[in-house]
Amino acid sequence: MNDNTTMQSTLSAELAALLRERFAAAFPDCPEAASAGRVVPSARPGFGDYQCSDAMQLSRALRLPPRAIAEKVASALPLPDALEKIEVAGPGYLNLTLRPAALAARAAAVADDEERGGVPQSGDGRTVVVDYSSPNVAKSMHIGHIRSTVIGAALANVFRALGYRVIADNHIGDWGTQFGIIIKGYREFADMEALARDPVPELERIYKESNARAREDAAWMEACRLETVKLQQGDPENRALWQDFIRMSRHTFDEIYDRLGIVFDTTRGESWYQPQLAGVVDRLVAAGFAHESRGAVVVDVRDLDPALAEQSRKAVEAARAKGDEESAAREDGKWICIVRKEDGGYNYNTTDFATMETRVREYGPAKIVIVTDDRQIPHFQQLFLVSRRLGIVNPETELVHVAFGTITDENGHPFSTRKGGMPKLKELLDEAASRALAIVREKNPDLPQAEAAALAERIGIGAVKYSDMAMDPITTIRFSWDAVLALQGNSGPYLQYAHARIRSLLAKYAATFPGEAAVDAAPSVSDPLERALARRIVAYPDAVAAVAAKCKPSILAEYLYGLAQDYSAFYQKLPVLKCEDAATRAGRARLCACVAAVLRRGLGLLGIAAPDRM
RNA sequence: GCGUCUGUAGCUCAAUUGGACAGAGCGUCAGCCUCCGGAGCUGAAGGUUGUGGGUUCGAUCCCCGCCAGACGCACCA
C-alpha cells in the first residue's frame with residue numbers, strides 16, 4: 001500500500017486486497033478464505049476507519065470460532081505503513097484504523113487529483129452508450145422529462161470520470177403515426193402566427209385537436225393515416241413539413257438543454273433507423289423468431305423460453321377457471337412483441353431492435369444504458385431478451401435499463417391531460433430561478449442585478465436537479481413545488497452553500513495570512529470532526545464507482561450531502577481563521593480546501609453548479 | 001387473472017446490498033448570532049422496518065405465504 005499514492009485504486013479496495021492476502025495465507029486450505037476480505041467504512045468512529053466481517057462468515061467453513069479466525073488475520077505481520085492497528089472486536093469484526101498521517105495524505109491525494117478527479121480509471125477506454133432525455137417532437141418538455149435527462153446526464157458524466165468512452169445519445173421521438181395527425185391538423189387549422197411566435201405549444205395544440213377529431217370522425221382518421229403513409233413513402237411535401245416540425249422542436253429542446261447544461265454526443269431520433277426497419281423484420285422472420293399473427297408480424301417471447309410459456313399457460317388456465325375470458329385474452333399481450341403492424345408500418349419495437357443493433361455494430365460498447373420511466377420495464381426486458389437470443393447483442397455487452405418512477409400530482413395520481421397535464425419544464429425552471437432570486441436578493445442586497453439573476457439561475461436549477469437525483473431512481477415522485485424547489489435541508493442549495501462558504505473562508509484566509517501556504521500543509525485530522533471529514537473524502541472514489549455499478553446518481557447525492565453535513569458540523573465547532581496555532585490553522589484550511597474540491601467535483605458530476613458565493 | 005415495482009418516524013426519503021445501537025430532511029418542541037456566511041449548528045420527542053413464517057452466528061435487505069398501493073398486459077413509446 002502506498003500512502004502518497006498514484007490513485008490507481010480506492011483505499012477500501014487496497015485494504016480489501018491486503019486482508020484477502022492475509023485470509024488466504026492464514027487458511028491456505030480453505031477455498032472460501034481466498035475470497036474473503038471485503039471491507040467497508042466502519043459504522044461508527046469507535047470501530048476504526050474500516051471494518052471487515054468476513055471472519056464470522058468463514059466460521060462454519062473453517063469450523064473455528066469467528067474471533068479465533070479474526071485474531072489470526074489481525075496478528076499477521078507486518079502491519080502496512082498506512083495502518084495504525086487492526087483490532088478484533090465484538091463477535092469477530094476486524095476493525096482497521098488508519099494512521100492519521102496516512103489518512104491525511106490519502107485525503108489530500110484524492111482532492112488534489114485534478115486530472116482523474118480522485119477516481120480510479122476502471123473504464124479503461126471501454127465504451128458506454130447512455131440513452132437519455134428522449135423527448136417527443138411537437139410536444140413540450142414537461143416535468144416528466146427531467147428525470148431521464150438529469151439522471152442520464154449524471155451517469156454519462158460518471159462513466160466519463162471513470163475513464164469510459166461515453167456516447168450520450170438523445171433518442172428523440174421524431175417518427176410515427178402522430179405525424180400524420182399533426183400534418184392533417186396543420187393543413188386544416190394551423191395558426192401560422194402562433195407557430196412563428198412559439199412553435200411547440202402550437203404544434204401541441206394542433207396535435208391534440210386533430211387527434212380528438214380523429215377519434216370521433218372516421219374520415220378524419222383515415223385522412224391522418226394517409227398523411228402518415230405519404231410521409232413514410234417519402235412524399236416531398238410531407239417530408240418537408242415533418243422536417244420543419246423537427247427543426248422547430250429541437251430548437252426548443254436546445255434552449256432547455258442549454259439552460260440545464262446538458263450535452264449529447266449524438267442525437268439520433270427514431271427516424272434515423274427507419275431505413276433499417278424492413279431488414280430487421282426480415283431477419284427476425286428468417287431466423288424463425290417472428291411470425292405472422294392477426295395480420296401483424298410478431299415475436300412471441302414465450303417461444304424463446306419454455307419457463308415463460310409454462311407460466312403463461314398457467315395464467316390462462318387460472319383465468320379460464322374463473323370464467324374470466326378477458327384476462328385470458330390479455331395474457332397474449334404480455335408476450336407478443338409486434339414488429340410490423342397490420343397496416344405494414346413499424347413501431348417502437350422495430351426501431352429499438354435497429355437501434356440496439358446499430359449501437360453494437362458501430363460502437364462495440366461494454367454497456368448500453370437506457371434511462372426511461374418504469375412503465376417501460378416489460379418492453380426493455382423483452383427487447384433485451386430477444387436481442388440476445390437473436391445475436392443482435394453479443395454476450396460481452398451489458399444491457400441496463402435504468403427505470404425511474406413516474407411523477408404524479410400532489411395527490412399521487414397521474415397528471416390529467418384535461419387539467420393541463422404536467423407542469424412545463426420551462427415553468428418549473430423559471431419558478432425555481434425566481435424563488436432563488438428572492439433569497440439571493442435578501443442575502444446579497446449589494447449584488448448587481450445581472451449577477452444576482454445569473455446566480456439565482458444556478459441555484460434554482462441546482463435545486464431542481466438535486467431533487468430529481470437525491471432519491472433512488474425507482475422511487476415514484478409526488479410532485480410538489482415546495483419539495484422540488486427546496487433551498488434548505490437535504491437540497492442542492494445546501495450543498496452549494498457549504499461549498500460557497502468554504503470558498504469564502506479560503507479567500508479570507510489567503511488575504512489574512514498571506515505568508516502561510518496551506519497548500520503545503522497536511523490536512524488536519526486530529527479532532528474527530530476533522531477525521532470524519534477526511535474519512536468522507538477518502539471514500540469519494542468508492543461513491544463514484546458505486547454510482548456507475550448501480551446506475552444510481554442518488555448514491556453520489558447522498559454521499560455529498562453527508563460530506564456537507566460533516567463540514568457544517570466541523571465549521572460550527574472548530575475555528576479556522578481564528579485558530580491561534582498557525583500549524584493547526586493551516587491544516588484546517590487545507591482540509592477545508594479538500595472538502596471544497598470534492599464538493600465541487602461531485603456536484604459537477606451531478607451537473608450542478610458550485611458558485612463561489614451565493 | 002397474470003406480471004413488475006413499492007411498503008421504514010406524522011410527511012418525504014437513507015441505510016455502503018447479509019453486519020455492531022435502523023439514520024437524515026421537513027414539521028413539532030428546547031437551545032445557539034459581542035463568535036470565520038444562520039440557505040447553518042446542537043439537543044429532545046417520534047420505529048414491533050405492512051404482516052406471518054423460514055434460512056442464518058446475524059435479516060430493512062435473501063426465500064415462501066398473506067395485506068395494501070402504483071404501474072403494465074396486441075398494433076402509442
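Below, chain A is the first sequence line, B the second, and so on; all start at residue 1. This is a predicted model, so every value here is computed, not measured.
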Would you indicate what [X] reaches in the nucleic acid, counting non-hydrogen atoms under 4.0 angstrom: base, sugar-phosphate, or nothing?
{"X": "A:Lys314", "value": "nothing"}
{"X": "A:Ala89", "value": "base"}
{"X": "A:Asn347", "value": "sugar-phosphate"}
{"X": "A:Gln376", "value": "base"}
{"X": "A:Val316", "value": "nothing"}
{"X": "A:Ala569", "value": "sugar-phosphate"}
{"X": "A:Thr475", "value": "sugar-phosphate"}
{"X": "A:Ile555", "value": "nothing"}
{"X": "A:Leu505", "value": "base"}
{"X": "A:Lys552", "value": "base"}
{"X": "A:Gln311", "value": "sugar-phosphate"}
{"X": "A:Pro91", "value": "nothing"}
{"X": "A:Leu574", "value": "base"}
{"X": "A:Pro66", "value": "nothing"}

Taking the same atom, [atom1], in [N] and in [M], what whole-Å distance lies between them?
{"N": "B:rA9", "M": "B:rU51", "atom1": "P", "value": "10 Å"}
{"N": "B:rA15", "M": "B:rG47", "atom1": "C1'", "value": "14 Å"}
{"N": "B:rG40", "M": "B:rU56", "atom1": "C1'", "value": "45 Å"}
{"N": "B:rC64", "M": "B:rA30", "atom1": "P", "value": "50 Å"}
{"N": "B:rA74", "M": "B:rG27", "atom1": "P", "value": "46 Å"}
{"N": "B:rC2", "M": "B:rG50", "atom1": "P", "value": "24 Å"}
{"N": "B:rG31", "M": "B:rA45", "atom1": "C1'", "value": "15 Å"}
{"N": "B:rU49", "M": "B:rU60", "atom1": "C1'", "value": "5 Å"}

Using purine N1 to pyrimidine N3 plus N6-O4 or O6-N4 for Watson-Crick, or N1-O2 and O6-N3 for G-U wobble, both under 3.5 Å, which nucleotide pairs with [N]?
{"N": "B:rG3", "answer": "B:rC71"}
{"N": "B:rG52", "answer": "B:rC64"}
{"N": "B:rA44", "answer": "B:rU28"}
{"N": "B:rA9", "answer": "none"}

Centroid under 5.5 Å and tilt under 30°, A:Tyr561 to B:rA24: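 No, A:Tyr561 does not stack on the base of B:rA24.
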Could you say whether the aromatic ring of A:Tyr497 and the base of B:rG40 stack, counting only centre distances under 5.5 Å and plane angles under 30°?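 So no, this residue does not stack on that base, at least one cut-off failing.
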Distance criterion of 3.5 Å, no angle test: do you see the side chain of [X] paired donor-to-acceptor with the base of [N]?
{"X": "A:Ser504", "N": "B:rG37", "answer": "yes"}
{"X": "A:Ser134", "N": "B:rA77", "answer": "no"}
{"X": "A:Gln51", "N": "B:rA20", "answer": "yes"}
{"X": "A:Asn95", "N": "B:rA20", "answer": "yes"}
{"X": "A:Arg501", "N": "B:rG40", "answer": "no"}

d([atom1], [X]; [atom2], [N]) in whole Å:
{"X": "A:Met56", "N": "B:rA59", "atom1": "CE", "atom2": "P", "answer": "12 Å"}
{"X": "A:Arg44", "N": "B:rA15", "atom1": "CZ", "atom2": "P", "answer": "19 Å"}
{"X": "A:Ile477", "N": "B:rC5", "atom1": "CD1", "atom2": "C1'", "answer": "15 Å"}
{"X": "A:Asp373", "N": "B:rG72", "atom1": "CG", "atom2": "P", "answer": "9 Å"}

More than 12 heavy atoms of other residues, nucleotides or ligands under 6.0 Å from CD of A:Glu580: is that the case?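 Check fails, neighbour count at 12 or below.
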Test side chain to side chain contact (heavy atoms under 4.5 Å, CB included) on A:Val40 and A:Tyr50; report intermediate values, then the result. CA-CA 5 Å; A:Val40 296; A:Tyr50 287 86; 5.9 Å; no
Which residue, A:Ile439 or A:Lys573, contacts RNA chain B at a nucleotide closer to its 5' end, judged by nearest heavy atom?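 The 5'-side residue here is A:Lys573.
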Nearest-nucleotide comparison on RNA chain B, the residue closer to the 5′ end among A:His171 and A:Tyr571: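 It is A:Tyr571, whose closest nucleotide lies nearer the 5' terminus.
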Would you say a side-chain N or O of [X] is under 4.0 Å from OP1 or OP2 of [N]?
{"X": "A:Tyr346", "N": "B:rC76", "answer": "no"}
{"X": "A:Arg38", "N": "B:rU17", "answer": "yes"}
{"X": "A:Lys334", "N": "B:rU4", "answer": "no"}
{"X": "A:Arg60", "N": "B:rC57", "answer": "yes"}

Taking the ring centre of each residue, are A:Tyr561 and A:Tyr494 less than 6.0 Å apart?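 Judged by ring-centre distance (under 6.0 Å), A:Tyr561 and A:Tyr494 do meet the cut-off.
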Taking the ring of A:Tyr348 and the ring of A:His171, is the distance between their centroids below 6.0 Å?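 Judged by ring-centre distance (under 6.0 Å), A:His171 and A:Tyr348 do not meet the cut-off.
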Of all the nucleotides listed (B:rG1, B:rC57, B:rG37), which has the minimum atom distance to the side chain of A:Ala500?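 Closest nucleotide among those given: B:rG37.
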Among A:Thr10, A:Val158, A:Ile555, which residue satisfies the side-chain contact (heavy atoms from CB on, under 4.5 Å) criterion with A:Val544?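 Of the listed residues A:Thr10, A:Val158, A:Ile555, the side-chain contact (heavy atoms from CB on, under 4.5 Å) partner of A:Val544 is A:Val158.
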What pair of heavy atoms forms the shortest contact from A:Arg294 to A:Asp332, and how long is it?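 For A:Arg294 and A:Asp332, the tightest heavy-atom pair comes out as NH2-OD2, 4.0 Å.
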Syn/anti state of B:rU17 by chi, 90° boundary around 0: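 Nucleotide B:rU17 adopts syn.
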